[in-house]
Amino acid sequence: MKVLTWNINSVRLREPIVLKVMEGLAPDIVCLQETKCPDPQFPFKNFEKAGYGHMHFQGMKGYNGVAILSKIPFHKVHAFNRVGKNDCRHIAVEVVSKKIKKPIAIHNLYVPAGGDIPNVDENDKFAHKLDFVDELKDFFAKSYARTEPMIAVGDFNIAPLEHDVWSHKQLIDVVSHTPVEVEKLSAMQKSIGWVDAIRTFVPHTEKLYTWWSYRNQDWKASNRGRRLDHIWVTAPLAGRLKSHHIHKEARDWPQPSDHVPVMLELDL
DNA sequence: ATGGTAGGTACCCTA
């Protein structure tokens, strides 16, 4: 089973390259963030034609929005409101695999970016981000056991490790890599023992990015990236990880997203 | 230290 996550920054504008990724990488399940599309306008037809007939999405006008497009039918679907807002940042599905008994829950997350100032007293967006991650920690801890097979993917908007950013020193006070955010994400990871699946394939000493800002005139030459997009699994799936792929070439396509697709293959 | 780009929307917000 191949699960792919991608922040596409408008599903309507980026529909052709989502289809291109589906064709090229053949993921079974595609989780999108920042669809920026109200549900009645979601462009489902070509995804259906491409074999992704099972869809679950929650979008709104202008901002945010998450979607799960799948070749595999859903056993159940969920949509969540987080920190008292209905802002379309968290949905989940359950799928059944032949190889394990329990249905596998797949959570698609779009954690708030958090604004520019890393201070909760001066910046409500940063406070919202920290509260969001806190709430996810509590949610996973109270809703699930460590023995349940689960996958969490998405744009977490936090690069936790030293080599998840181009310069640990220069980004230590930049939102996405501050100690307080890393601490919150670490607590969320510990909630039910999430394993950072992508980093099991790449040593922590090696630079690894999934996002390059639009504001660099040559993203590849400057290579000032960050690893903001993640795939986590719980213990029952940790022994079933087969391969990973960061589809960096997508950053060079015309009208690219600033994030690239991240894919995990599991033996399921 | 600063400002750089992109998308959606409606003349500005978020990233």
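Protein chains get the first letters and strands the later ones, always in sequence-line order, with residue 1 at the start of each.
- Rounded to the nearest Å, the gap between the C1' atom of dG3(B) and that of dA15(B) is 15 Å.
- Taking atom CE of residue Met60(A) and atom C1' of nucleotide dG7(B), one finds them 15 Å apart after rounding to whole Å.
- Put simply, the residue from Thr210(A), Ile198(A), Val260(A), Val153(A) that forms a side chain to side chain contact (heavy atoms under 4.5 Å, CB included) with Asp229(A) is Thr210(A).
- Stem list for DNA chain B (at least 3 consecutive Watson-Crick or G-U pairs, distances under 3.5 Å): B:5-8 with B:12-15.
- Rounded to an integer number of Å, the gap from NZ of Lys61(A) to P of dG8(B) is 13 Å.
- Only the P atoms considered, dT14(B) is 14 Å distant from dA10(B), to the nearest whole Å.
- With sequence neighbours excluded, the residues forming a ring pair (Phe, Tyr, Trp, His ring centres under 6.0 Å) with Phe156(A) are His230(A), Trp232(A), listed by chain and number.
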Nucleotides 13-15 of chain B: which of its N/O atoms have a protein N/O under 3.5 Å away?
from    : atom 1 : to        : atom 2 : distance (Å)
dT14(B) : OP2    : Lys125(A) : NZ     : 3.4
dA15(B) : OP1    : Arg89(A)  : NH2    : 3.3
dA15(B) : N6     : Arg215(A) : NH2    : 2.5
dA15(B) : N1     : Arg215(A) : NH2    : 2.9

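- Comparing dT9(B) with dC13(B), their P atoms sit 16 Å apart, to the nearest whole Å.
- Pairs of residues two or more places apart, or lying in two chains, that qualify as side-chain hydrogen bond (donor to acceptor under 3.5 Å, both in side chains) and include a residue from residues 135-146 of chain A are Arg82(A)-Glu135(A), His107(A)-Tyr144(A).
- Backbone-only contact: Arg14(A) has heavy atoms under 4.0 Å from sugar-phosphate atoms and none from a base.
- Pairs engaging residues 86-100 of chain A under the salt bridge (Lys or Arg N to Asp or Glu O under 4.0 Å) rule: Asp87(A)-Arg89(A), Lys99(A)-Asp267(A) [sequence neighbours left out].
- Summarising the geometry, the separation between CD on Gln41(A) and P on dG7(B) is reported as 18 Å, rounded to the nearest angstrom.
- Going from the P atom of dA6(B) to that of dT2(B) covers 23 Å, rounded to whole Å.
- Between the CG atom of Leu13(A) and the P atom of dT9(B) there is a distance of 12 Å, rounded to whole Å.
- In this structure Ser243(A) satisfies the side chain to side chain donor-acceptor pair (under 3.5 Å) test together with Glu265(A), sequence neighbours excluded.
- Contacts classified as side-chain hydrogen bond (donor to acceptor under 3.5 Å, both in side chains) and involving residues 192-203 of chain A (residues at least two apart or in different chains) are given here: Asp164(A)-Arg199(A), Asp196(A)-Arg227(A).
- The salt bridge (Lys or Arg N to Asp or Glu O under 4.0 Å) analysis of residues 215-224 of chain A, with sequence neighbours excluded, yields the pairs Lys220(A)-Asp252(A).
- Between Gln217(A) atom CD and dG4(B) atom P there is a gap of 12 Å when expressed in whole angstrom units.
- Lys36(A) and Asn64(A) share no side-chain donor-acceptor pair at under 3.5 Å.
- Considering only residues two or more places apart in sequence or on other chains, Lys2(A) meets the salt bridge (charged side-chain N to carboxylate O under 4.0 Å, His left out) condition with none of them.
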